[in-house]
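Here's the structure, in structure tokens; my notes come after.
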Amino acid sequence: MMMKKEHVIGLCLILVIAGICGIAFWLQPSSTPQKILTNESLQEQFQSISGEVAGGSLSYKIEFTAKKPNAPEKVAVYKTVQPKVTKTNAIAFAKKFNITDFNEPKEGDSVISVSSKNMTYRVMLYKNGGSVYWDSERSDTPNGIDITENLPTDEEAKKIATSFLKERDLLPDGAFVGGTEHRKVYKSNKSNGSKTVVWEDILVWYTREINGMKVEGTQFEIEIGGHGDVIRFFSNWKDYETIGEYPVKSQESSIETLKQKGISTAAGPDKPDTISINEIYLGYETTAVAYKEEYLEPVWVFKGEALKNGTSIGPVKEFVPALTEDSKKSLSSI
Amino acid sequence: MKSWKPDTILFITMITILILIPAVSADPLSNGTVNESLTESTMIPADYVTGLNVQSDTMSNSSTTYGGESSSNTTFATGNATAATSLAALGSPFIFNGKFASPPSGAKSAQDYDHYVSFTMRANSLAPNYAYDLVNRGDLSDGTHWVYNMYMFGTSSSGLNGRIQVLGYNHVTHSWAELSPLSSPLSPLTNYSIVWQYSNIAGGELFVNNVSQGPATGGGTLDTSLSSAFHVGENMYNGGGRQHSAFYGTISNVYHFERDLAPVANFTGSPLSGTAPLNVTFTDTSTGSPTNWSWSFGDGNTSTNRNSSHTYTAAGTYDVSLTATNAGGSDTETKVEYVTVAAPQTTFYVYAEGVGMYHGTQDDLSMGNQTPGDFYNLINGQCGTVDTDKCWYGRGIYLDDNAGSVHWSTAEQASSYADNADFSVFVGHGWNDGIVFGTQNTALELSRTNMQLGGNQAKWVTFFACDVLNQSTQTNWESVFNGVHIVNGFDTHGLLYEGQGTKYAQMLTGLGGGYDRMKIRDAWRMTLQETINKEYIKGAYMWANPCGNDYLPGFGDYCTSSPTKDQNGNYDIEWENFECITS
């Protein structure tokens with residue numbers, strides 16, 4: 001039976017639509033029957049919580065608009081190399097910042113401190129890896145030097161920072177500039193409700209990728225003040241050595257975990273009604289310097305926006321550990 | 001051999017006579033008179049002359065010789081005691097005869113004085129079977145006991161005839177032994193100068209014709225209850241198998257010197273340490289009956305009271321000395337670094353409260369941590385390392401209640417606790433306009449408008465709580481600045497990190513952890529940067545000029561005055577929100 005041309009065109013359109021729907025269905029996380037997690041579904045996960053709590057609410061839904069990434073079954077896991085930190089190291093580090101007239105270094109369980117005699121300049125070396133330097137007279141303190149008009153441009157600040165680090169052999173291999181931020185101290189004028197910037201510097205931060213995956217967490221940051229002076233430096237740089245590849249959870253499994261965990265950034269005062277996750281990727285998360293890191297942990301990263309009435313009220317970012325339980329058990333025995 | 005010419009012999013003879021005549025005539029006994037005396041320079045220690053207490057009398061019957069076995073047969077008439085203040089004042093010669101009828105004026109307690117007696121003794125004979133009592137120093141309390149007895153043995157006393165002995169007696173507590181007897185007996189009808197020097201401390205020593213017979217053997221001290229009666233020539237004792245008698249012969253040129261012993265200064269004080277103003281009571285414990293006291297308290301102040309109290313008003317370590325003085329001299333006792341006075345303390349109060357619980361959606365009570373308690377315990381009781389007089393104490397009750405604070409009720413206001421502390425820490429739920437005491441109990445909300453922070457005492461406040469100092473509403477918190485210097489907080493939603501309370505306290509004080517002391521705002525930023533690994537968590541602080549660079553009092557400089565207001569009556573407020581993490 002011959003079909004009419006119109007019928008053929010209509011059938012094709014139906015097939016195309018069905019195909020698109022099929023592809024869309026395939027892209028949808030298999031364990032998530034719906035794209036949108038409703039408040040009701042979250043409530044099932046938090047049976048013991050009811051009503052609002054100050055500082056947070058469960059009255060939001062989670063939307064996943066992110067594309068499903070290509071998830072490997074295994075990823076490389078790296079053991080954290082514990083640095084050797086001594087007073088001698090700390091003094092040598094202090095001298096890199098021209099601190100030569102210093103008090104007796106103080107050593108504790110987690111850090112060794114060296115301060116200038118006048119307590120203005122100080123460095124600390126963390127035993128878990130990392131270091132810090134700052135000029136306490138200028139950092140975060142209005143001083144007439146670190147003001148907007150005295151600052152270099154962001155690009156100049158990056159060059160100053162990189163040059164400063166290289167001159168002191170402080171820029172490790174693999175580190176690259178991740179971005180800049182302007183840190184500001186404001187002064188309020190209660191009479192007219194205005195605020196003015198009374199102190200400002202430029203924070204240049206560095207990050208790195210390992211195994212082609214982004215490392216989440218502070219790596220390196222250096223603050224450039226007025227006249228291009230370096231007034232603060234903070235490093236959470238750790239050295240790693242590979243210990244093998246280990247199985248990771250699927251994206252779907254991590255979403256289930258996310259539902260269990262919730263998104264803490266959604267607990268703000270503005271009470272978002274929606275969390276929109278628009279980026280999901282596998283990365284590594286380095287811990288803060290206060291905590292001992294045994295290995296660089298792979299994580300699923302969920303990034304998005306907190307929305308209220310369709311308007312973004314701030315970014316959200318949540319990490320879900322990616323290693324399977326068996327992988328963790330294996331690592332714990334290393 | 002060369003022969004002498006007669007005129008030469010005559011010349012030599014004459015010269016010899018001229019030389020001998022004065023010597024012979026100087027012998028007081030050569031013509032029956034007593035004019036021999038001891039000289040200060042030869043026998044009397046100089047310090048006996050100083051503070052001299054002399055009794056003397058004139059012999060009334062120098063030629064009569066008697067004997068007897070009891071005091072009733074005393075041959076010497078009672079003399080009259082007189083006192084002089086120096087040898088020169090006594091005149092010379094003078095003679096003492098017999099005993100003092102009563103203790104000489106000014107006789108002292110034996111334990112406090114040395115004494116020295118000298119006399120010329122001429123025995124008529126060595127009495128058979130007797131010992132002549134020469135000198136007794138007795139006990140005033142009963143008149144029969146004595147401290148020692150000096151006597152001369154008669155002719156048939158176990159071969160000791162002609163010896164002089166001085167013996168202490170055991171019926172008082174002293175124990176020193178007798179002197180060694182002379183190597184050769186004394187002869188009757190011969191003048192001997194006798195000196196007996198007795199020191200309560202050094203013991204006794206007998207001199208005969210200026211020759212020491214050796215110190216008393218043994219040792220011991222006198223019974224401190226003893227007083228002195230001084231007797232010469234009186235029979236004091238009759239018994240014990242050896243007969244003592246009054247002296248047969250002449251005793252003349254009696255000198256009796258008493259020397260005041262210099263006191264031995266000492267004292268106690270209480271209390272010996274404390275915080276200024278520190279009142280210390282000092283008690284004289286000197287021996288030797290001082291009559292004057294001179295205290296030096298080490299801070300330029302003095303006192304002449306026997307017991308004294310003194311208030312130290314300044315911090316320091318003080319040497320204290322006491323000089324005790326009497327007629328015999330003085331002695332100074334100095335106790336080095338005896339009193340330690342800490343500077344007047346300025347007391348600061350710390351208050352910490354909170355549930356240490358994850359904010360927002362978490363309801364896992366096991367996630368509570370000890371942030372407030374850790375902080376409180378590390379600050380409470382600490383004194384400054386820079387200003388040691390500034391010390392921190394707890395105020396109010398902190399509570400690590402991971403099941404939700406039960407300490408608070410709706411009737412309670414945070415200010416009643418937090419405002420009465422200098423440094424207040426709250427750990428728990430918060431929002432951009434208040435805090436909540438308790439995990440989920442909205443009834444325990446405390447809005448910032450009901451906080452009275454700084455109105456009374458609070459100067460530094462830290463909120464480990466979400467959204468307190470949220471950037472968009474940060475200026476809301478200007479209402480709590482009513483004397484507050486710094487408010488630290490978060491611009492974030494949710495956090496839970498162990499160890500923040502400990503680190504924050506360690507950074508503020510530089511005590512523990514390997515940190516050097518930091519300014520309050522620096523400590524807050526570093527605490528967050530070291531512990532937080534979530535980029536959405538921001539730190540924040542506000543401060544009121546010119547007090548934004550405060551250290552924790554005691555650990556560095558801080559504003560001692562309140563923040564200033566501008567011409568419109570508003571505080572000069574500055575604030576900052578800062579990233580805890582960058583990536």
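Labels below follow one simple rule: chain letters A, B, ... track the order of the sequence lines, proteins then strands, and each chain is numbered from 1.
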| query | Got B:Arg521 and A:Thr141 here, is their nearest side-chain heavy-atom distance under 4.5 Å? | reply | yes
| Who wins among B:Lys503, B:Gln529, B:Met526, B:Glu579 for the most heavy-atom pairs under 4.5 Å with chain A? | B:Gln529
| query | Does any heavy atom of chain A fall under 4.5 Å from the side chain of B:Gln474, the backbone, both, or neither of them? | reply | neither
| request: Quick one: which of A:Gln219, A:Met124, A:Arg183, A:Glu107 has the most heavy-atom pairs under 4.5 Å with chain B, could you say? | output: A:Arg183
| message | Applying a heavy-atom distance below 4.5 Å, give me the residues of residues 541-556 of chain B that approach chain A, sorted by number. | response | B:Tyr541, B:Trp543, B:Asn549, B:Tyr551
| query | Got more than 12 heavy atoms from elsewhere within 6.0 Å of CG, B:Asp566? | reply | yes
| Residue among A:Thr287, A:Val114, A:Asp140, A:Ile112 with most heavy-atom pairs under 4.5 Å to chain B | A:Asp140
| request: Determine whether A:Tyr291 and B:Glu530 make a side-chain contact, defined as any pair of heavy atoms from C-beta on separated by less than 4.5 Å. | output: no
| task | Measure B:Gln567 against the heavy atoms of chain A and call it side chain, backbone, both or neither at under 4.5 Å. | result | neither
| said: Checking the side chain of A:Ser115 only, and the main-chain atoms of B:Asp516 only, is there a donor and an acceptor separated by less than 3.5 Å? | reply: no
| said: Taking side chain as everything from C-beta outward and backbone as N, CA, C, O, which of these in A:Arg232 sits under 4.5 Å from a heavy atom of chain B? Side chain, backbone, both or neither. | reply: side chain
| Are side-chain heavy atoms of B:Met518 and A:Arg122 found at a separation under 4.5 Å? | yes
| field | Engaged part of B:Thr531 at the chain A interface, taking heavy atoms whose separation is under 4.5 Å | value | both
| note | Among A:Lys214, A:Glu221, A:Glu285, the residue with the most heavy-atom pairs under 4.5 Å to chain B is A:Glu221
| request: Under the side-chain hydrogen bond (donor to acceptor under 3.5 Å, both in side chains) rule, collect the residues that match up with A:Trp134, sequence neighbours excluded. | output: B:Asp522
| Closest approach of B:Tyr515 and A:Ser113, non-hydrogen atoms and distance? | CA-OG, 3.4 Å
| query | Which atom pair, heavy atoms only, marks the closest approach of A:Val185 to B:Glu574? | reply | CG1-CB, 4.1 Å
| remark: One should read off an interatomic distance between B:Phe578 CZ and A:Ser139 OG, to the nearest 0.5 angstrom, of 10.0 Å
| said: At a 4.5 Å cut-off on heavy atoms, which part of A:Thr286 comes close to chain B: side chain, backbone, both, or neither? | reply: backbone
| request: For each of A:Val132, A:Asn189, A:Leu203, A:Thr218, tally heavy-atom pairs with chain B at distances under 4.5 Å, and name the one with the top tally. | output: A:Thr218
| message | Out of A:Asn128, A:Val289, A:Val111, A:Asp109, return the one with the most heavy atom pairs under 4.5 angstrom to chain B. | response | A:Val111
| message | Assess the residue pair B:Arg525 and A:Glu223 against the criterion (salt bridge (Lys or Arg N to Asp or Glu O under 4.0 Å)); give the C-alpha distance rounded to whole Å, side-chain angles, the decisive distance to 0.1 Å, and a yes or no. | response | CA-CA 14 Å; B:Arg525 185 178 179 192; A:Glu223 294 179 36; 2.7 Å; yes
| task | Quick one: closest heavy-atom pair of B:Lys519 and A:Ser136, and the distance? | result | NZ-O, 3.5 Å
| field | A:Pro105 versus chain B, the contacting section by heavy-atom distance below 4.5 Å | value | neither
| said: Please determine whether a side-chain nitrogen of the Lys or Arg among A:Lys187 and B:Asp572 lies less than 4.0 Å from a carboxylate oxygen of the Asp or Glu. | reply: yes
| request: Please name the pair of heavy atoms, one in B:Gly513 and one in A:Ser110, separated by the smallest distance, quoted to 0.1 Å. | output: O-OG, 3.9 Å
| Segment of A:Phe319 engaging chain B (4.5 angstrom heavy-atom cut-off) | side chain
| If you count heavy-atom pairs under 4.5 Å with chain B, which of A:Tyr126, A:Trp205, A:Phe220 comes out on top? | A:Trp205
| message | Less than 4.0 angstrom from a charged side-chain N to a carboxylate O is my criterion; do A:Lys184 and B:Glu576 meet it? | response | no
| Do you know the tightest heavy-atom contact between A:Lys106 and B:Leu511? | NZ-N, 4.4 Å
